[in-house]
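Below: the structure, in structure tokens.
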Amino acid sequence: MTDRIQPRTLKGFRDYLPRVMLAREHIIETARRVFRSFGFSPIDTPALEYLEILLGKGGLETDKQLYRFQDHGGRDVGLRFDLTVPLARFAAQHINELGTPFKRYHIATVWRGENTQAGRYREFMQCDFDTIGTQGAAADAETVLVAHELLRAIGFERFTIHVNNRLVLNGLLESLGLAEQATQVLRAIDKLAKIGADRVVEEMCETAGASADEARRVVEMVELTGTNDEVLTKLRPLVGSSQRGLEGLERLAELWSALHNAGVPEQRVKLDVSIARGLDYYTGTVLETLLDDKREIGSVCSGGRYDNLAELYTKQQLPGIGASLGLDRLIAAMEELGLLPTAQTPSQVFIPYFDAAHLGNYFQLAAVLRTAGLAAEIYPESTKLGKQLQYAARKGIRVAVIAGQREFDSGECQVKNLSTGDSTTVSLAENAAELISEAQRILASTS
RNA sequence: GUGGCUAUAGCUCAGUCGGCUAGAGCGCCAGAUUGUGGCUCUGGAGGUCAAGGGUUCGAGCCCCUUUAGCCACCCCA
């Protein structure tokens with residue numbers, strides 16, 4: 001007996017079984033459909049890039065999380081850790097050919113060598129969409145609309161898109177003379193929900209060198225509550241002295257009215273001044289989407305506006321706005337909320353196998369069903385009918401088409417609803433039209 | 001990367017003070033029931049107690065290392 005190799009996967013890397021994979025693919029297909037319906041075009045880029053491209057100006061953190069090595073030709077390379085840096089490089093290389101504005105979506109795997117935690121893995125998928133080459137406010141509104149439609153199409157009703165504009169925060173920081181330490185201040189603000197106002201004030205004093213009074217004013221502003229209009233009104237005097245802050249308020253007001261006119265329900269979009277997003281490259285609108293029933297899992301769709309996407313790679317200035325759907329987080333949330341479908345197979349119609357003499361008939365039957373758009377599966381061997389039906393039911397197949405000698409003799413077959421156990425007899429004449437409509441009827445009924 | 005907790009059957013877990021051949025529920029397979037699943041009954045398979053090393057007459061239990069998972073910090077471009 002030879003020594004077997006222990007089957008195992010690397011830390012932070014996972015296998016996906018059919019049940020989860022079906023859900024993943026369903027969400028990816030939904031996202032794709034939504035992106036395309038807004039006119040975003042698909043692109044892809046290599047998983048492996050030159051190290052210098054990925055490192056960019058990124059600091060120590062990037063360096064620590066990056067999977068890097070030398071390829072067989074001795075080149076320093078790394079695995080992409082997000083889809084934004086590849087987009088920047090891509091835009092610098094191709095934007096003249098593509099022209100602006102350019103709208104793209106990119107659904108792909110990224111890798112980060114960070115420590116794992118629930119919902120945080122070393123290999124995961126991002127679904128990004130961006131509109132680059134425009135400063136227009138319509139793109140901001142559309143980004144929120146896409147996020148809204150994404151969640152809705154995936155099947156969520158209870159979620160809130162928290163929106164803010166960095167100009168508002170920057171305006172206040174400017175008037176307080178804290179503009180230089182914006183990154184540290186914003187990082188502290190990001191933790192507000194987690195650690196509370198007092199400790200955020202503390203952190204701002206320590207890391208950003210703010211005075212206690214300044215820190216308190218910042219916290220006071222980001223903690224404003226009320227309807228969107230009320231918050232806007234309360235903000236006005238707070239940023240009053242700053243031109244930037246006023247511009248931010250202007251754009252937020254504009255955004256509300258656009259979203260309102262687009263028919264987005266008021267309660268789904270909320271002005272939240274505490275939304276800063278840790279990254280220092282966001283310059284305008286920022287958004288984070290929380291599931292009302294699973295807020296603790298964090299944002300499942302977030303992004304924002306930036307002034308200059310590709311400055312590291314080209315002189316051409318490319319402003320834009322985009323966001324990213326957190327596929328793995330979303331699936332983790334759906335799992336916990338019991339929203340993951342239980343099906344373990346894409347099969348919709350099951351055909352038991354009675355005897356080899358009719359195998360040809362089964363293949364023909366399955367082909368007719370497939371032509372009608374139904375995924376049909378034939379059991380691979382002739383065994384007890386009960387066992388075959390049990391297999392089908394366990395996999396979550398909802399319809400069985402039962403046809404043995406008796407049925408073929410009379411030109412009929414049984415259509416069995418595997419959820420209820422009911423079964424009806426239909427004719428196989430006219431390309432099994434009756435069978436198809438009965439199967440479709442059962443599949444259309446609530447599962 | 002730092003610190004803490006954890007790892008026993010496919011899943012969820014029990015396993016006393018270190019003591020015989022490691023258990024339960026669920027799931028799985030088979031039969032009861034040769035053309036109709038989910039219920040019931042009967043039987044069965046399945047374990048290097050995460051891996052490796054150490055202490056001991058004796059280790060699932062104690063110690064060390066490794067691997068993996070969870071939590072906090074960090075970070076989330």
Side-chain angles (χ1 to χ4, degrees), chain A residues 1 3-15 17 19 53-66 78 80-89 110 112-122 124 126 128 183 186-187 190-191 194-195 199 203 207 276-282 286 288 296 298-299 302-304 306 309 311-312 322 324 326 328-329 332 350-355 358 379 382-409 413-425:
Chain A
M1 166 98 167
D3 280 344
R4 295 260 156 70
I5 298 162
Q6 195 189 353
R8 54 187 187 148
T9 51
L10 285 165
K11 181 184 176 72
F13 289 71
R14 304 173 293 162
D15 289 326
L17 273 58
R19 194 170 100 89
I53 299 280
L54 296 176
L55 284 176
K57 64 172 179 191
L60 278 173
E61 279 310 319
T62 307
D63 205 31
K64 257 169 36 187
Q65 299 191 352
L66 195 62
R80 64 179 170 216
F81 53 86
D82 73 359
L83 300 178
T84 305
V85 168
L87 173 63
R89 193 222 84 225
V110 302
R112 292 183 196 182
E114 64 181 335
N115 231 344
T116 55
Q117 224 160 292
R120 293 173 69 166
Y121 307 98
R122 290 182 168 178
F124 57 99
Q126 292 198 327
D128 278 31
T183 303
L186 296 174
R187 238 169 228 165
D190 241 7
K191 296 179 189 165
K194 210 168 174 183
I195 64 177
R199 290 185 49 200
E203 184 171 328
T207 67
R277 312 273 314 127
L279 352 179
D280 41 12
Y281 71 71
Y282 286 129
V286 286
E288 284 190 359
E296 66 274 16
S299 173
S302 35
Y306 38 85
L309 175 71
E311 61 184 331
L312 287 172
S324 179
D328 293 270
R329 260 190 195 180
F350 178 73
I351 303 176
Y353 185 171
F354 283 81
D355 63 280
H358 289 111
Y379 198 76
S382 165
T383 180
K384 287 202 301 189
L385 181 57
K387 189 185 162 183
Q388 297 190 44
L389 291 174
Q390 191 175 36
Y391 161 86
R394 192 158 53 225
K395 295 282 176 189
I397 306 179
R398 292 170 53 202
V399 179
V401 171
I402 298 173
Q405 188 63 49
R406 293 208 296 261
E407 284 78 12
F408 285 118
D409 285 347
C413 69
Q414 288 177 48
V415 182
K416 186 179 173 81
N417 182 335
L418 288 172
S419 317
T420 64
D422 301 335
S423 110
T424 54
T425 300

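These figures come from a predicted structure and were not determined experimentally.
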Give [X] one of three labels, base, sugar-phosphate or nothing, depending on what nucleic acid heavy atoms sit under 4.0 Å from its own.
X      : answer
A:Y391 : nothing
A:G303 : nothing
A:Q388 : nothing
A:G386 : sugar-phosphate
A:G421 : base
A:D355 : nothing

Rounded [atom1] spacing from [N] to [M] in Å:
N     : M     : atom1 : answer
B:U21 : B:G35 : P     : 48 Å
B:U66 : B:A7  : C1'   : 13 Å
B:G60 : B:C39 : P     : 37 Å
B:G46 : B:A22 : P     : 13 Å
B:G44 : B:A9  : C1'   : 15 Å
B:G19 : B:A59 : P     : 11 Å
B:U56 : B:C63 : C1'   : 12 Å
B:U16 : B:G52 : C1'   : 29 Å

Could you give the [atom1]-to-[atom2] distance, from [X] to [N], as a whole number of Å?
X      : N     : atom1 : atom2 : value
A:R122 : B:G1  : CZ    : P     : 7 Å
A:F13  : B:U67 : CZ    : P     : 15 Å
A:L66  : B:C76 : CG    : C1'   : 15 Å
A:R8   : B:G69 : CZ    : C1'   : 15 Å
A:L418 : B:G37 : CG    : P     : 11 Å
A:L389 : B:G38 : CG    : P     : 10 Å
A:Q390 : B:G37 : CD    : C1'   : 6 Å
A:R19  : B:G10 : CZ    : C1'   : 15 Å

Examine [N]: is either OP1 or OP2 under 4.0 Å from a nitrogen or oxygen in the side chain of [X]? Give yes or no.
X      : N     : answer
A:R394 : B:C29 : yes
A:R187 : B:C76 : yes
A:K11  : B:G69 : yes
A:K387 : B:U34 : no

Donor-acceptor pair, [X] side chain versus [Y] backbone, under 3.5 Å?
X      : Y      : answer
A:Q388 : A:Y353 : yes
A:R122 : A:E114 : yes
A:T425 : A:Q414 : no

> Around A:R199, counting heavy atoms of other residues, nucleotides and ligands shown, do more than 12 lie under 6.0 Å from its CZ?
Replying inline: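 For A:R199, atom CZ is not crowded (no more than 12 foreign heavy atoms under 6.0 Å).
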
Side chain of [X] only, please: which of [options] is the nearest?
X      : options             : answer
A:F354 : B:C76, B:C70, B:G35 : B:G35
A:R329 : B:G35, B:U67, B:C76 : B:C76
A:K191 : B:C75, B:G38, B:G35 : B:C75

> Should A:F124 and A:R329 count as side-chain neighbours, where that means a heavy-atom distance under 4.5 Å?
Replying inline: no

> Do A:L54 and A:L66 touch side chain to side chain, with heavy atoms closer than 4.5 Å?
Replying inline: yes

For [N], what is the paired nucleotide under Watson-Crick or G-U wobble rules, both distances under 3.5 Å?
N     : result
B:C74 : none
B:G38 : none
B:C28 : B:G44

>> Need to verify one output field. Residue with the more 5' nearest nucleotide on RNA chain B, A:R14 or A:R112?
In response: A:R14

>> On RNA chain B, compare the nucleotides closest to A:K384 and A:I397; which residue's is nearer the 5' end?
In response: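 Result of the comparison: A:K384.
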
Examine the base of [N] for any acceptor or donor lying under 3.5 Å from a partner atom in the side chain of [X], and report the outcome as yes or no.
X      : N     : value
A:E407 : B:G35 : yes
A:R120 : B:C75 : yes
A:K416 : B:U36 : yes

> In terms of the angle between their ring planes, are A:Y391 and A:F350 parallel, tilted or perpendicular, with boundaries placed at 30° and 60°?
Replying inline: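 Because their plane-to-plane angle lies in the 30° to 60° range, the rings of A:Y391 and A:F350 count as tilted.
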
> CZ/A:R112 to CG/A:D82 distance, rounded to the nearest 0.5 angstrom?
Replying inline: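 With rounding to 0.5 Å, CZ (A:R112) is 6.0 Å from CG (A:D82).
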
